[in-house]
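See structure below.
This chain uses plain numbering: 1 for the first residue, then up along the sequence. Note that these values count all heavy atoms, side chains included, but never hydrogens, waters or copies made by symmetry.
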Amino acid sequence: MNIVTDIAIVVGLVRDIVFLLLLTVALIVLLVLLAKIRQLLNTVQETANTVKETVDSVQDTVNTVSDKVVEPAASNAGVMRGVGGIFGFLLGMGRRRKKEK
């Protein structure tokens, strides 16, 4: 019976050592994954900040164009209609002259 007991003790020790080695490898893999995830999150954060800055810049540009171009043109609709009519009249006269020749 001593041989069976000795074999059981050796198998138990080997099993425990393998288990500890696997736990160590799993811990190392987990730490590496956490480091990679942290890098990925930092990259995503930087990209989000860049996108936010770009959107803010575009919004400022749109607001400037709206304030300087669209609002004055919209507020003077009658004047713009008159200017368009004058251009249309002048272009129409130019076409008539070409047809007459």
Side-chain angles (χ1 to χ4, degrees):
M1 281 269 209
N2 288 337
I3 293 176
V4 175
T5 307
D6 291 342
I7 292 174
I9 291 173
V10 170
V11 169
L13 287 174
V14 170
R15 181 197 65 211
D16 291 343
I17 292 171
V18 169
F19 182 69
L20 289 174
L21 288 175
L22 287 175
L23 282 176
T24 305
V25 169
L27 180 63
I28 292 170
V29 168
L30 180 65
L31 291 175
V32 169
L33 282 175
L34 287 175
K36 294 291 184 180
I37 289 172
R38 177 179 279 174
Q39 286 178 344
L40 180 64
L41 289 175
N42 287 339
T43 302
V44 168
Q45 182 67 35
E46 291 172 6
T47 303
N49 289 339
T50 303
V51 168
K52 184 180 181 313
E53 290 172 4
T54 303
V55 167
D56 289 343
S57 175
V58 169
Q59 184 66 38
D60 290 343
T61 303
V62 167
N63 288 338
T64 302
V65 169
S66 175
D67 291 344
K68 305 241 181 206
V69 176
V70 175
E71 286 181 13
S75 65
N76 296 323
V79 172
M80 296 307 279
R81 191 176 316 121
V83 170
I86 291 171
F87 279 121
F89 176 75
L90 293 175
L91 289 173
M93 285 181 57
R95 288 182 187 156
R96 278 191 229 137
R97 286 186 184 170
K98 286 181 184 177
K99 288 181 182 179
E100 291 176 1
K101 290 184 179 180

Please list, one pair per line, the donor and acceptor atoms closer than 3.5 Å that link side chains of residues 29-45 to other protein atoms, with sequence neighbours excluded.
residue, atom, partner, partner atom, Å
N42, ND2, R38, O, 3.4
T43, OG1, Q39, O, 3.0
Q45, NE2, N49, OD1, 3.4

Give me each pair satisfying salt bridge (charged side-chain N to carboxylate O under 4.0 Å, His left out) with a member in residues 55-65, each pair once, sequence neighbours excluded.
K52-D56
Scan V4, T5, I3 and name whichever one has a side chain to side chain contact (heavy atoms under 4.5 Å, CB included) with I7.
I3
Sequence neighbours left out, what passes side-chain hydrogen bond (donor to acceptor under 3.5 Å, both in side chains) with D16? Give chain and number order.
none
Any chance you could pull the hydrophobic cluster mates of L22, using side-chain heavy atoms under 4.5 angstrom and chaining through other members?
V10, V14, V18
